[in-house]
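What follows is a single structure, written as structure tokens, with notes after it.
Because the structure is predicted, anything quoted here is derived from the model rather than measured. A, B, ... follow the sequence lines: proteins, then strands. Residue 1 opens every chain.
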Number of protein chains: 2
Amino acid sequence: MAQSLGISVPQEAPDATRPGKAESILAAAERTFLERGFGAVSMDTIAREAVASKATVYAHFASKEELFGAVVARVSERRFGAFSVDALDPREVAASLLTIAQRFLDLVLSPEAIALNRVIIAEVPRFPVLGDVFWEAGPARSRAQIETFLRRAVAAGTLAIPDTRLAADQFVALARGELHLRQLLRPQGALKPEIVSEAARNAVSMFMRAFGIRS
Amino acid sequence: MAQSLGISVPQEAPDATRPGKAESILAAAERTFLERGFGAVSMDTIAREAVASKATVYAHFASKEELFGAVVARVSERRFGAFSVDALDPREVAASLLTIAQRFLDLVLSPEAIALNRVIIAEVPRFPVLGDVFWEAGPARSRAQIETFLRRAVAAGTLAIPDTRLAADQFVALARGELHLRQLLRPQGALKPEIVSEAARNAVSMFMRAFGIRS
DNA sequence: GTCTATAATTGGATAGAC
DNA sequence: GTCTATCCAATTATAGAC
């Protein structure tokens with residue numbers, strides 16, 4: 001579906017041993033779009049940053065919108081594709097949840113993820129497919145990963161959860177807390193690690209109070 | 001502080017019995033900015049929508065940025081200024097929390113609030129003061145209101161909460177759940193009331209499980 | 001204060017040479 | 001594929017009349 005709408009990372013040239021223009025155009029577009037947003041970046045700027053002519057940019061991407069879509073798809077995949085909780089032990093449930101929360105927050109609060117969120121939220125009314133691409137790569141994926149872990153913990157007898165899907169959403173919501181929205185609305189650059197760790201601990205603490213097995 | 005940066009709602013004319021141009025310009029700017037975003041709206045469009053000339057628009061607002069700031073300040077105050085939980089009974093804690101969650105969600109998930117969030121998130125890197133204006137009128141205010149209620153409930157002996165400020169943040173986070181971010185990333189117009197009610201119930205249910213007094 | 005008309009700039013996209 | 005040069009439309013902002 002995404003491809004039919006022009007949202008795809010274009011093919012490398014057959015001899016893709018070194019970057020090449022297409023790659024440097026994408027890299028320049030990624031930098032500038034994430035930093036300044038779709039509307040504030042011109043194709044002139046991207047061409048200059050990529051050390052290419054505007055005509056070359058248009059030879060690779062039919063329009064500014066298509067280039068933007070390619071950037072969103074690329075960053076979404078690269079940034080969120082690796083989130084996994086497979087290696088964690090459901091018997092050490094509190095420690096594992098803390099690791100999950102910490103990893104999740106490091107991911108979604110990273111300056112790159114915040115910038116990506118920002119440009120998508122800004123442009124999704126005009127380009128709805130961007131929201132779908134990101135949602136599947138990001139929130140839907142991490143929710144699924146976390147739900148899988150919760151199921152394993154229930155099976156291991158370390159958590160008592162009636163609805164694991166709902167609980168996964170709640171865990172994510174607690175972890176985000178106010179920090180995520182705050183970074184979107186009042187960006188402070190990178191947050192202090194202590195702040196993030198405390199948010200992770202608070203989320204796990206409340207989650208365990210609600211769903212932990214009392215012994 | 002906001003005023004020193006040009007973010008303020010301009011004075012009405014002394015005889016402010018009927019709208020006047022300034023008001024119709026603000027109204028037109030509000031409609032178009034919230035609908036299409038800062039970058040996609042031109043001063044021509046605003047002037048046309050306000051049935052005024054562009055020169056008149058500039059007679060009231062020195063720049064497009066200033067007009068945008070005035071719109072954000074105005075909508076933030078108007079939309080979030082009325083959120084209050086004073087009338088709720090802390091002895092009927094579950095019912096009161098459900099009312100709070102429902103009101104809160106009706107507010108933050110309303111199409112206007114989502115649109116406001118969207119334009120602020122998009123432009124806050126260029127106009128940081130917008131985030132401050134909104135944060136104080138919106139999230140900070142509702143958090144304070146909710147924390148006040150939680151304190152009253154603790155005093156009434158219906159909730160056991162070690163840190164009411166943290167708990168207020170957690171309550172808000174649980175209420176938002178995935179719905180708020182989802183509306184920002186994959187707007188679906190207005191949500192079905194049943195979906196919102198269920199989110200409110202789920203938030204209260206988990207909150208009570210963590211902080212309710214067991215009897 | 002309000003208007004018409006226009007200045008000055010910028011931005012998306014393309015033609016044609018190599 | 002890549003470049004230079006350019007077209008054309010849109011945009012912010014202002015000058016000058018009333």
Counterpart residues, ring pair (Phe, Tyr, Trp, His ring centres under 6.0 Å), relative to B/Phe134 (two or more places apart): B/Phe80
Show me, pair by pair, the donor-acceptor contacts under 3.5 angstrom made by side chains of residues 26-47 of chain B, not counting sequence neighbours?
from    : atom 1 : to      : atom 2 : distance (Å)
B/Glu30 : OE1    : B/Arg74 : NE     : 3.3
B/Glu30 : OE1    : B/Arg74 : NH2    : 3.3
B/Glu30 : OE1    : B/Arg78 : NH1    : 3.3
B/Glu30 : OE2    : B/Arg78 : NH1    : 3.3
B/Glu30 : OE2    : B/Arg78 : NH2    : 2.8
B/Arg31 : NH1    : B/Glu49 : OE1    : 2.6
B/Thr32 : OG1    : B/Ala28 : O      : 2.8
B/Thr32 : OG1    : B/Ala29 : O      : 3.3
B/Ser42 : OG     : B/Asp44 : N      : 3.4
B/Ser42 : OG     : B/Thr45 : N      : 3.1
B/Ser42 : OG     : B/Thr45 : OG1    : 3.0
B/Asp44 : OD2    : B/Lys54 : NZ     : 3.3

Begin with the C-alpha distance, continue with both residues' side-chain angles, and end with the deciding distance and a verdict on side-chain contact (heavy atoms from CB on, under 4.5 Å) for B/Arg165 and B/Arg143. CA-CA 8 Å; B/Arg165 171 168 174 140; B/Arg143 207 262 322 280; 3.3 Å; yes
In sequence, state the C-alpha distance, the side-chain angles, and the governing distance for B/Gln170 and B/Leu166, and then conclude on side-chain contact (heavy atoms from CB on, under 4.5 Å). CA-CA 6 Å; B/Gln170 289 174 324; B/Leu166 172 61; 3.9 Å; yes
Would you mind classifying the nucleic acid contact of A/Lys54 as base, sugar-phosphate or nothing, using non-hydrogen atoms under 4.0 angstrom? base
Passing candidate, side chain to side chain contact (heavy atoms under 4.5 Å, CB included) with A/Leu185, options B/Leu130, B/Asn117, B/Asp132: B/Asn117
Contacts of type side-chain hydrogen bond (donor to acceptor under 3.5 Å, both in side chains), residue A/Thr56, not counting sequence neighbours: A/Ser53
Any residue meeting side-chain hydrogen bond (donor to acceptor under 3.5 Å, both in side chains) with B/Glu123, in chain and number order, not counting sequence neighbours: B/Arg126
For DNA chain C, which residues in residues 38-52 of chain B have a heavy atom at a distance below 4.0 Å? B/Ala52
DNA chain C: 5'-most and 3'-most nucleotides touching chain A, 4.0 angstrom heavy-atom criterion: C/dG11 to C/dA15
Taking B/Arg141 for its side chain and B/Trp135 for its backbone only, find out whether a donor-acceptor pair lies under 3.5 Å. no
